[in-house]
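Heads up, the thing below is written out as structure tokens.
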Amino acid sequence: MTTTVRTGELRGNSFNGKDLSTPQKLMIFVLSMSLFGLSNILVEVIPEFTIGPVEIALAYFVFIPLVLAALFNPFWVALGAPLGEIIFTDLLLGDFSGIGEIEGFIQMFLAIYIAGSLIRNPLSKAQVAFGAIMIVVIDKFLSAIVDLSKVWFGLEDAEFVEGLPESMLLIEVIGFGVDILLSGIVFGVIPALWLVPKLYGRIEPLMGMQPRQPGKPIQGSTPGIGITVALVFVLGAASAVFAFLEAWGADFGAAEWEWLDTYGPAILLVPAAIFVVLLAGVFVFAGKQRKQP
Amino acid sequence: MSERKTHDVLSMEWIKLELIRTAYATRGGLFAKMDPRVVLLWYLLLGGAPWFTHNITVLAILFGLGVISVIAARVGPLVLGLFVLSLVVEVINVFVVAWFVGGDVGTLLALSELSLKLGAVSLASMAAFVSLDPEKLSSALLALKAPVMLAFSVSYGFRILPILIDEFSIVMEGYQLRGAPAKAPGFLGWRSVSRWGKHAVLAFYPIFLNVATSVRTTVEALETRGLNHSVTHPEGRRLRLSHLQTGTLDWIVVAVTFVGIVFAFWVGAVAPIHR
């Protein structure tokens, strides 16, 4: 084992301890950011087919964050991957949609972190396959709920055709199925089942880490289980808030003018205040992170 | 301009060069001369304003401001082309949906509101982020006390992207050349599509290992130069960020934009168009 011969700050210093050093966390983060960003550029190139209202499109290469989350600490992978998507495709190609990006980031973070935490043994085919499906399910389920509730709230005021809610539901269900099939299985489970065993034990030494041992706790601490759970809940709630911020712009009804009249323009400060509070929370959180060795 | 006489406009090579040019912002332009912190503030102003209104008059004027700033920022043809393409697709979509729902001009206006809003925001972000090279963007983020990881990864991402695309296309071409071509394209060319997909997945195996190595080298090099310490230590921060200075131009641009936004909302109040 080369790792035992070359001991240094970055080389296997921590392999009998449980923690990763800060540079190693940074490595995982940057690796997942670069790879997922690159794959997103490829996805942009692939044409999308639309059959009627149903869109047959590849959402993302799920296997990339999945493989990384299975082999490395999922927290840092989950933090890096959606940021890569934002930096590489959205920011660079001028497709940055401000608040909407935060919703996407939170959904993707939750999906990868939960799916990665579910995988206890990276060499178990069932667990990896389950993880791949879970990423798509969590991400798409969150956005499907958001989509449906947008229409539902929009419908309360707008006069719409009979049967529209049912057909919307049908479209969402079909879209969900297509995503699971295409993004989850064809570009998720199948490549991951091939890649994870191939990369296991090869990529970790390149980054100066030990391969993950089944049944043992994963290398690298995540910031406290309590804080993480709280953060996940806050982020989930925030995701909904941001989604509805979008919905006020996106729905068909005339609802927003009524609420603007009843509450006055000051109501607009509420989402702004929530945003500021969240941002402050992120900075405080990041500051604490930094103080930890 | 002599090197760009060739008309290989939509080749892979051209796209790569355009991306490099976009990432490094060598075109010059108004925002490239400004202080990066002020550019971010400016972006918050113009990119944030569209979210606070549903008035189509206001949105149209904000969209106009966005167009002006994109011209001032001298955004390159690839990014601009992609934006125009997506706008055209969006407009077609709006018409199709309006026809599908069986709506009239009102539905059309309601649908175009969102496109206008997103368009105005994208124009602002294009103007701002095309003008900020990675170095500037990351020092602006650091100056605004963003986490070190974010500041670093933005600048790293912008820099590594062309190299990554280059590496990937080499590996991908290798697979394409070694494998036998599809015998027949099949229905809707599904054989070629699945072949492409298979190669794209296969190509990621070497890319994973390559990127892991290069990431480690980069991070170790940065650690040797004291990245974490130099940006967390107050004295190091001060030294590192001392080159950031705001000038008259910065505040003129911000003031003009602010006046423009106020003007937009004023016109919107006088002649509102709602759906």
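Here is how names work: the chains are called A, B, and so on, in the same order as the sequence lines, proteins then strands, and each is numbered from 1. Predicted model only: the values in this text are computed from it and were never measured.
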Discussion item. I'd like to know whether A:L199 forms a side-chain contact (heavy atoms from CB on, under 4.5 Å) with B:L209, so could you lay out the CA-CA distance, the side-chain angles of the two residues, the decisive distance to 0.1 Å, and finally the verdict.
Written reply: CA-CA 8 Å; A:L199 286 172; B:L209 298 173; 3.7 Å; yes
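- With a 4.5 Å cut-off on non-hydrogen atoms, A:I190 does not touch chain B at all.
- The heavy-atom pair separating A:L83 from B:S153 by the smallest distance is CD2-OG, 3.5 Å.
- In this structure, the side chains of A:F61 and B:V201 stay at 4.5 Å or more apart for every pair of heavy atoms.
- For the set A:L195, A:I203, A:L35, the count of heavy-atom pairs under 4.5 angstrom toward chain B peaks at A:L35.
- Looking at every heavy atom in both residues, B:Y156 comes nearest to A:S34 through CE2-OG, 3.7 Å.
- Taking every heavy atom of both residues into account, B:R216 and A:G208 meet most closely at NH1-N, 3.7 Å.
- Ranked by heavy-atom pairs under 4.5 Å with chain A, the list B:S214, B:P50, B:A212 is led by B:A212.
- Side-chain atoms of A:V67 and B:F204, non-hydrogen and from C-beta on, never get closer than 4.5 Å to each other.
- B:I207 contributes atom CD1, which lies 11.5 Å from atom OG of A:S39 (distance to the nearest 0.5 angstrom).
- Between B:M172 atom CE and A:L42 atom CG the span is 7.5 Å, to the nearest 0.5 Å.
- With a threshold of 4.5 angstrom between heavy atoms, B:L44 does not approach chain A through any atom at all.
- No side-chain heavy atom of B:F208 sits under 4.5 Å from any side-chain heavy atom of A:L206.
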